[in-house]
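Take a look at the structure set out below.
Please read these numbers as outputs of a predicted model, since none were measured by experiment. Below, all heavy atoms of this structure are taken into account, side chains as well, without hydrogens, waters or symmetry copies. Residue numbers begin at 1 in each chain, while the letters A, B, ... track the order of the sequences.
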Amino acid sequence: MCSGQTFLWDLHGDNEKYYSSIMYSVPVIIRQLSSNEIYITASENEINGLPLSEYFYHYLALDIDTEQVFPEKFCRVYPEIWQLLGEYFPLRILRQHPFETMISFMCAQGIGMRLIRNQISMLRQTYGETKSISFSGKEIIVHQFPSPERLASADPIALSRCTNNNRLRARNIILAAQGFADGRIDLDYLSRQKLPLSELRNTLCRIGGVGYKIADCIALFGLDRFDAFPIDTHVKQYLGKWFNSTKALRSLSPASYLDLDAEARTFLNPDLAGYAGHILFHCWRKEIKKLRTF
DNA sequence: CCCCAGGCTTTTC
DNA sequence: GAAAAGCATGGG
């Protein structure tokens with residue numbers, strides 16, 4: 001919940017599973033009570049100016065019926081995939097904070113998800129404010145995601161310790177944070193513009209360390225754009241194996257990225273291609289690649 | 001030792 | 001222009 005971009009509802013609702021995080025400076029604990037109930041504890045009545053129920057309805061994207069994400073004929077055209085997707089429909093894409101989303105995905109380049117989460121966790125612990133949450137009679141310490149101002153003033157060498165020792169990544173994160181802090185990069189404004197996807201993507205790509213894939217991730221997870229369809233190594237693989245895309249056999253380049261993006265929209269609902277793609281992504285990772293990380 | 005992981009930047013043809 | 005090398009580390 002802290003650094004992941006998804007939340008898979010536990011269909012069995014078996015245990016004391018809970019997540020703690022800080023959202024817009026408010027410490028929060030989300031606990032799943034059953035297969036269709038969650039319990040939310042927060043230290044404030046409002047988050048980002050919204051009542052808790054309203055905030056989390058939006059945060060968990062409960063306005064999206066995930067079974068309606070795919071085109072109606074998808075289940076007939078791809079029955080074997082539809083079968084596999086069965087238990088992945090409770091998957092929620094979270095509408096996360098734009099800055100946190102941007103920095104998090106800038107850490108996700110050609111390395112494993114565990115390493116990516118380690119980086120984000122170190123960023124929180126090194127540069128984020130700590131807060132405590134009272135839960136079941138005990139205090140839980142949670143590290144807030146660092147502010148743009150804090151990262152903007154960080155030392156590149158020191159910060160690179162949080163970015164897998166990659167100094168170029170550390171420098172790009174600091175520059176992006178500076179842009180955010182002084183207003184040159186205004187993702188909230190960009191989101192309100194409701195630009196065509198290609199235009200939004202090109203704008204995001206002006207940020208150093210952000211290419212097509214990460215731009216699409218920022219749009220999908222942080223800018224309320226469920227039409228954005230990030231293509232990473234896993235997506236490329238399932239496009240080839242599941243949808244017989246010959247374009248997916250080529251290595252990913254800017255040109256082939258755009259080709260694959262256009263092709264995917266022919267069998268996915270273009271307005272929700274990213275949401276559908278994310279369900280496919282996790283199904284592919286777990287069912288086919290047997291990866292456990294979620 | 002190899003290749004692969006939620007890729008992007010720089011260099012080289 | 002497009003392709004290849006460099007970045008960095010952990011795991012199979």
Side-chain angles (χ1 to χ4, degrees), chain A residues 1-8 88 91-94 96 100-123 156-177 179 185 201-223 225-226 228-242 247-261 264 273-294:
Chain A
M1 190 58 99
C2 295
S3 61
Q5 277 69 39
T6 50
F7 179 63
L8 180 64
Y88 291 86
L91 190 152
R92 312 305 314 177
I93 287 184
L94 308 177
Q96 296 194 306
E100 178 172 345
T101 306
M102 177 180 74
I103 301 298
S104 295
F105 277 103
M106 289 175 73
C107 293
Q109 298 179 5
I111 53 178
M113 204 177 280
R114 178 158 312 209
L115 221 45
I116 294 168
R117 293 190 173 177
N118 285 347
Q119 294 176 74
I120 297 166
S121 177
M122 284 186 70
L123 282 174
I157 305 297
L159 192 138
S160 70
R161 215 165 56 79
C162 305
T163 59
N164 209 27
N165 295 320
N166 187 319
R167 304 206 177 163
L168 179 58
R169 184 177 305 154
R171 191 196 63 156
N172 283 332
I173 285 175
I174 292 170
L175 289 174
I185 302 173
R201 181 162 51 200
N202 289 335
T203 304
L204 290 170
C205 282
R206 292 191 208 133
I207 303 168
V210 175
Y212 285 163
K213 189 270 176 180
I214 291 178
D216 277 333
C217 283
I218 297 170
L220 176 64
F221 299 108
L223 301 184
R225 291 298 293 258
F226 293 152
F229 184 78
I231 302 168
D232 67 349
T233 175
H234 294 291
V235 174
K236 178 173 174 295
Q237 288 170 31
Y238 78 60
L239 287 175
K241 298 280 187 186
W242 279 351
K247 296 185 175 70
L249 301 177
R250 292 191 288 155
S251 61
L252 263 185
S253 67
S256 64
Y257 187 100
L258 296 179
D259 285 346
L260 281 173
D261 182 58
Y275 208 119
H278 200 58
I279 293 174
L280 290 163
F281 168 84
H282 278 293
C283 183
W284 172 263
R285 278 178 58 94
K286 193 170 177 191
E287 301 300 325
I288 309 298
K289 304 288 284 193
K290 307 298 181 189
L291 294 168
R292 301 295 294 174
T293 51
F294 197 81

| request: Write down the distance separating the P atoms in dT11(B) and dA8(C), rounded off to the nearest Å. | output: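 About 14 Å, rounded to a whole number of Å.
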| message | If I pick the C1' atom on dA2(C) and the same atom on dG6(B), what distance separates them, to the nearest angstrom? | response |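 About 25 Å, rounded to a whole number of Å.
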| said: Keeping S256(A) on the side-chain end and K247(A) on the backbone end, is there a donor-acceptor pair under 3.5 Å? | reply: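 Judged by distance alone, no pair lies under 3.5 Å.
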| said: Keeping Y257(A) on the side-chain end and I231(A) on the backbone end, is there a donor-acceptor pair under 3.5 Å? | reply: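 Such a contact is found between Y257(A) side chain and I231(A) backbone.
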Just how far, in rounded Å, is [atom2] of [N] from [atom1] of [X]?
X: N166(A); N: dG7(B); atom1: CG; atom2: P; answer: 14 Å
X: Q237(A); N: dG6(B); atom1: CD; atom2: C1'; answer: 11 Å
X: I218(A); N: dG6(B); atom1: CD1; atom2: P; answer: 18 Å
X: N172(A); N: dA8(C); atom1: CG; atom2: C1'; answer: 15 Å
X: Q109(A); N: dT10(B); atom1: CD; atom2: C1'; answer: 14 Å
X: W284(A); N: dG6(B); atom1: CH2; atom2: P; answer: 13 Å
X: R114(A); N: dA8(C); atom1: CZ; atom2: P; answer: 23 Å
X: I207(A); N: dG7(B); atom1: CD1; atom2: P; answer: 18 Å

Side chain to side chain donor-acceptor pair (under 3.5 Å) partners of [X], counting only residues at least two apart:
X: R206(A); answer: none
X: Q119(A); answer: R169(A)
X: R171(A); answer: none
X: K289(A); answer: Q237(A)

| Between I116(A) and G209(A), which is nearer to the 5' end of DNA chain B once each is assigned its nearest nucleotide? |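 First, find each residue's nearest nucleotide; the 5'-ward one identifies I116(A).
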| Starting at the 5' end of DNA chain B, which residue's closest nucleotide do you reach first, I214(A) or I111(A)? |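 Here I111(A) is the residue nearer the 5' end.
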Which is true for [X] with a 4.0 Å heavy-atom rule: it touches a base, it touches only sugar-phosphate, or it touches nothing?
X: L291(A); answer: sugar-phosphate
X: R167(A); answer: sugar-phosphate
X: K289(A); answer: sugar-phosphate
X: Y212(A); answer: sugar-phosphate
X: Q119(A); answer: nothing

Considering only side-chain heavy atoms of [X], which listed nucleotide, [options], is closest?
X: F221(A); options: dA5(B), dG6(B), dA8(C); value: dG6(B)
X: L115(A); options: dT9(C), dG6(B), dA5(B); value: dT9(C)
X: N164(A); options: dG6(B), dA5(B), dT9(C); value: dT9(C)
X: D232(A); options: dG6(B), dT9(C), dA5(B); value: dG6(B)
X: N165(A); options: dT10(B), dA8(C), dA5(B); value: dA8(C)

| Does a nitrogen or oxygen in the side chain of R169(A) sit under 4.0 Å from OP1 or OP2 of dA8(C)? |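 So the side-chain polar atoms of R169(A) never come under 4.0 Å of the phosphate oxygens OP1 or OP2 of dA8(C).
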| field | dA5(B) phosphate, OP1 or OP2, under 4.0 Å from T233(A) side-chain N/O | value |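 Affirmative; the distance criterion is met.
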| said: Is the distance from the ring center of F221(A) to that of H278(A) below 6.0 Å? | reply: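 Yes, ring centres under 6.0 Å apart.
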| message | Once you measure the plane-to-plane angle for H234(A) and F281(A), does it fall in the parallel (<30°), tilted (30-60°) or perpendicular (>60°) bin? | response |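 Answer is perpendicular, since the angle exceeds 60°.
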All N/O contacts under 3.5 Å from nucleotides 3-6 of chain C to the protein, with atom names and distances to one decimal?
none

| message | Tell me every residue that passes side chain to side chain contact (heavy atoms under 4.5 Å, CB included) with N165(A), counting only those two or more places apart in sequence or in another chain. | response |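 In terms of side chain to side chain contact (heavy atoms under 4.5 Å, CB included), with neighbours along the sequence ignored, N165(A) is linked to no residue.
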